[in-house]
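Here the structure comes first, spelled out in structure tokens, and everything after it is commentary.
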Amino acid sequence: MLEVKDLAVSHKKKIAIKNLNFKVDDGKILGFIGADGAGKSSALNAIAGVIKFDGEIIYNDFIYKSPKEAENIKLNIGYMPQGIGLVLYKTLTIKEHLDFFADIRDIKINKEFLEYKNHLLSMAGLEKFLDRRAGDLSGGMMQKLSLVCTMLHRPKLLILDEPTTGVDPLSRIELWEILEQSAKEFNTISIISTAYMGEASKMDDILLFDEGEIIARGNSEQLINEIKPFVYEKTTTDKKHITISDSTYCLENLEIQHQKPTLESLFFVNALKKDRLLPKLQIAKSKESIDKNIVVMKATKITKKFGDFYANRNVDCELKSGEILGLLGANGAGKTTFIKMLLGLLPLDGGELELFDKKIKDSDDRNGLKSQIGYVSQHFALYDDMTVRENMMFFASIHKIDTKKSVQLIDSYSKELGFEKYLDEMPKSLPLGINQRFSLAVSILHEPKVLFLDEPTSGVDAIARAQFWELLKELKNNRGISILITTHYMSEAEFCDRVVLLKDGEKIADDKVENFYKKFPNAKSFEEIFLEYYK
Amino acid sequence: MRLRIIKAYFLKEMIELIRTKMIMMPYLMPLLIVILFGYGIKMQVTGVRTLILDNDNSQISRKMILKFEHSKYFTTTVKNMSEKDALREIKKANIDAIIIIPSSFEKNSLKGIKTEIGVFIDASFPSRSTTISNYIQGVVMDLANDFNINSSGMININTRNLFNQALRDEEMIVPGLIGMVLLISPAILTALIIAKEKEEGTIFNFYSSPVSKGEFLVAKLSAIFFLVSIAIFVIFLVASYLFDLPFRGSFFLFWLASEFYVFTALGFGLLVSIIASSQIVAIIVTLMLTIIPAFMYSGMIMPISSMSGDAFITAHIYPVMYYNHIIYDTFLIGQGFNSPTNISYLLLLFGYGIVLFLLGLLFLKKEIK
């Protein structure tokens, strides 16, 4: 049994977590959910004994109050920190990792261990890749290998910090199979933080974190039932409320139909309770009329090879103006490579590309088109040592926008996209969600006609993600901007007009979202449709 | 201290160093530094293009010309031209020095009347011109001795060439360079392989496992220690064969001192890696901490005995001067274990290493900062 009493952690005077109290029984899976910066990682670090903390943690009668005292129970702990492949050595092979972890954990090598190891490997589907280096694995495989390494010494207390973030649905299912089995067979206590609400429903108990405190506790059914009275169908009202995508959240009674809440709704109801109303994000309508039938981008049989490996093979894709096209696929399916080729960051190895009806053969053909294209990369390409305002001024000057106009643009975008009060702060000190919106503002400064977004919502919490999608819709409707976006959140496919599915570098489906649902009438979510294709 | 853990880390480090090709660093970097600096730093001057204007044409003046002609430091030409033309030559950089022997040089000097020899030296490079001037004075003094002329006011020959009779730069520079590279390369490598784990996050494997701090450090350091220990021999061979250095002392002393010295260098890297959280910071801080003392305060460029005040103290704080003392001894002098200074410096190096290692052990924390 694990008990946490009055746990508090602070980073450089900033309180990350305070007054944390909870108990978990053996064999249970406890979930931590919450926005980023809510204190989940700090709590996990403290329990794993790798950060200084106040309060005490009791594990099976053993009490520890500092990392030093925790040393004695590290034998029983398996800890996987946040970040894809973080604990892996990129140049070591899978087999070398297993040997290394067995050695540093001083595991007795006997028949029983070998059986257990092979069992883990086959569950993770890694047994065929023993000689592959960690750096050459896809994100999903890296996370599975990390989990195998973490579980090699059969920890009794498993602490996993967002093990599935950035991992495709298929790998996520496999990861969860390993976890659930370990909890059942070895009576392991598992504490897992996650950004996927779909996973939270598999947990025995969930703690919802907000600003360093637990604000709700229960299993997913209980949590959903608690907020049922506050979730309505989309409507407008004078009372304090939050309306986002198809739902309206209000603490007072509205005389309209209730909607079935999801775990995501928890975040919105909590924001309401804390009186953190979301600013209305709105982008001014452009004066020009929007022509809907222009083909902005047309790719025919695009191919990219890295050595013998096809990152993209004969991919056809078309993007019309005023359309949001979602590019979905597992890790390593070739989404980023595809966008990079569209941008000219990687040369084509085959196929043809047309942008705005112009054939693109070499970089000269792109001259003049650059002003039409905006791009947000996976890791927002901002300068950490300049404030938000300075960053924006810099990018404006790159696009040769004169100073007077850039000041105006920064002023209006920061209001419209809701980061006005952060203008004079450093990007590093801001939540990911704000950085993401401000990157979006940077990418539309020069009024492009098309936007390429590479996993812009990765690692961003539910509220910020919802707001981001509202913004994209505004851009589409009010500016007529076409958007090509890659994401691995399958739930976000619902916001796209059309979805292209990639698998192993090839296109396996391309259709409107509603047609996907017609094809698979039994599917409850897009994730299930995705899995149908990937099986 | 569990051997299995140390073996695991040691092997892992080796595999990583080989696959990232970093394994070349403890060999390539020292070789490059020794070769580039060893050939590059020249303080001795040979073949000074000298023009002699003999206005006396006496026995003494001819003897003087002969002495210059026989010296390998000078390439002389004797010409009959005006002083003005000669100065024009020096301006065109056709010659480096002019020596003008006055007309009644022999007569006056034998009579004891003060005479002056005119010397013009191209002083575009001040240190070079000082050397040339010293050489010329040396030759003239030598000449004066031959003819029993009182040569008061002549300057003594530099005492530094006592054990370097040939005045070869290599013998001054290369041993000092060994002290430099055996400090820099192990320090950087150590700082790097620990900072790398921090930067990439793999340090969590250490934080969250029962591996003790001592085990972690011994494992990490032993990998580098092993690689650099081999480098010691490589560098020794380069110094002996490529630069033709004599070796007059005890090889065992050289080897032992080098190993102790490398151990202190590892300690430097270790301390840096405790502060640095990224590889780039680790490299820059280590370079700053090692290059300057290894160059300036090592006795290679400037003798420690001629330093004063802060510089003298700084030189004694760094381990470089102690090691260099032993290195110069083993290469050039050869007192070996008979010299109490050598033995005390050897023990000092060992103690220095132990202290740095213990400091590292104390400051290293198994937790996130």
Side-chain angles (χ1 to χ4, degrees), chain A residues 9 11-12 16 41-42 44-53 66-68 70-93 95-109 133-135 146 149-150 152-153 155 157 159 161, chain B residues 1-25 192-220 222-223 277-281 361-369:
Chain A
V9 177
H11 288 294
K12 292 173 188 154
S41 293
S42 300
L44 294 175
N45 279 332
I47 299 167
V50 297
I51 199 169
K52 218 161 73 191
F53 60 88
S66 68
K68 209 165 186 177
E71 210 56 16
N72 294 312
I73 63 146
K74 286 191 177 167
L75 215 63
N76 299 315
I77 294 183
Y79 178 45
M80 190 171 145
Q82 194 178 347
I84 292 183
L86 195 79
V87 297
L88 303 180
Y89 302 95
K90 307 289 172 287
T91 53
L92 261 57
T93 64
K95 189 180 174 301
E96 284 159 351
H97 272 98
L98 298 171
D99 293 344
F100 175 73
F101 279 90
D103 281 341
I104 65 164
R105 287 292 185 169
D106 214 1
I107 304 171
K108 215 188 227 154
I109 311 275
R133 292 185 191 178
S146 304
C149 291
T150 311
L152 215 51
H153 60 287
L157 176 56
I159 302 164
D161 197 356
Chain B
M1 202 65 60
R2 284 161 293 182
L3 266 178
R4 189 172 173 196
I5 290 172
I6 294 168
K7 187 202 85 188
Y9 262 105
F10 186 89
L11 276 180
K12 184 216 76 159
E13 253 10 284
M14 284 299 160
I15 295 173
E16 280 195 298
L17 286 169
I18 290 169
R19 293 195 184 149
T20 53
K21 303 201 172 63
M22 280 275 282
I23 191 133
M24 300 208 285
M25 193 163 121
L192 269 184
I193 63 166
I194 300 179
K196 186 181 177 202
E197 296 233 8
K198 282 197 199 173
E199 187 177 317
E200 295 186 348
T202 45
I203 192 85
F204 276 104
N205 295 332
F206 162 57
Y207 287 165
S208 64
S209 69
V211 174
S212 76
K213 292 201 286 183
E215 284 163 344
F216 179 73
L217 286 189
V218 168
K220 281 264 171 191
S222 60
S277 48
S278 72
Q279 298 185 63
I280 193 80
V281 173
L361 203 57
L362 182 71
F363 289 124
L364 181 75
K365 289 273 176 322
K366 270 187 86 173
E367 59 186 69
I368 307 166
K369 251 188 241 171

Chain A contact via [X] - which portion, at a heavy-atom distance below 4.5 Å:
X	result
Phe206(B)	neither
Lys196(B)	neither
Glu215(B)	neither

Which one, Lys366(B), Lys7(B), Lys365(B), leads in non-hydrogen pairs under 4.5 Å with chain A?
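The residue among Lys366(B), Lys7(B), Lys365(B) with the greatest pair count is Lys366(B).
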
Residue, of Ser212(B), Gly201(B), Ser208(B), Ala219(B), that accumulates the most heavy atom pairs under 4.5 Å with chain A
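Maximum pair count with chain A is reached by Ser208(B).
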
Hey, what do you get for [atom1] ([X]) to [atom2] ([Y]), rounding to the nearest 0.5 Å?
X	Y	atom1	atom2	answer
Asn205(B)	Met80(A)	CG	CE	11.0 Å
Lys21(B)	Thr91(A)	NZ	OG1	11.0 Å
Ile15(B)	Asp99(A)	CD1	CG	8.5 Å

Residue [X] versus chain B: region with a heavy atom under 4.5 Å:
X	answer
Thr93(A)	both
Asn45(A)	side chain
Ile159(A)	neither

Between Ile104(A), Ile73(A), Ile51(A), who has the most heavy-atom pairs with chain B when the cutoff is under 4.5 Å?
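Of the options given, most contacts go to Ile104(A).
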
Which one of Pro67(A), Gly49(A), Ser66(A) has the most heavy-atom pairs closer than 4.5 Å to chain B?
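Most pairs with chain B among the choices: Pro67(A).
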
Quick check on [X]: does its [atom1] atom have over 12 non-hydrogen neighbours (other residues, nucleotides or ligands) under 6.0 Å away?
X	atom1	value
Met24(B)	CE	no
Leu3(B)	CG	no
Lys90(A)	NZ	yes

salt_bridge(Arg19(B), Glu96(A)) N-O dist < 4.0 Å
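Yes, this pair counts.
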
side-chain contact (heavy atoms from CB on, under 4.5 Å) between Asp106(A) and Arg2(B), worked out:
CA-CA 9 Å; Asp106(A) 214 1; Arg2(B) 284 161 293 182; 3.5 Å; yes

Just by modelled atom types, is the Tyr207(B) backbone N or O under 3.5 Å from a matching donor or acceptor in the Lys74(A) side chain?
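Such a contact is found between Lys74(A) side chain and Tyr207(B) backbone.
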
Shortest non-hydrogen contact from [X] to [Y]?
X	Y	value
Asp103(A)	Arg4(B)	OD1-NE, 2.7 Å
Leu92(A)	Glu16(B)	CD1-CG, 3.6 Å
Ala8(B)	Phe100(A)	O-CD1, 3.7 Å

For Glu197(B) and Tyr89(A): C-alpha separation, side-chain torsions, deciding distance, then whether side-chain contact (heavy atoms from CB on, under 4.5 Å) applies.
CA-CA 9 Å; Glu197(B) 296 233 8; Tyr89(A) 302 95; 3.4 Å; yes

In the structure I gave you, are the side-chain heavy atoms of His153(A) and Ser209(B) within less than 4.5 Å of one another anywhere?
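Heavy-atom side-chain distance check fails, nothing below 4.5 Å.
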
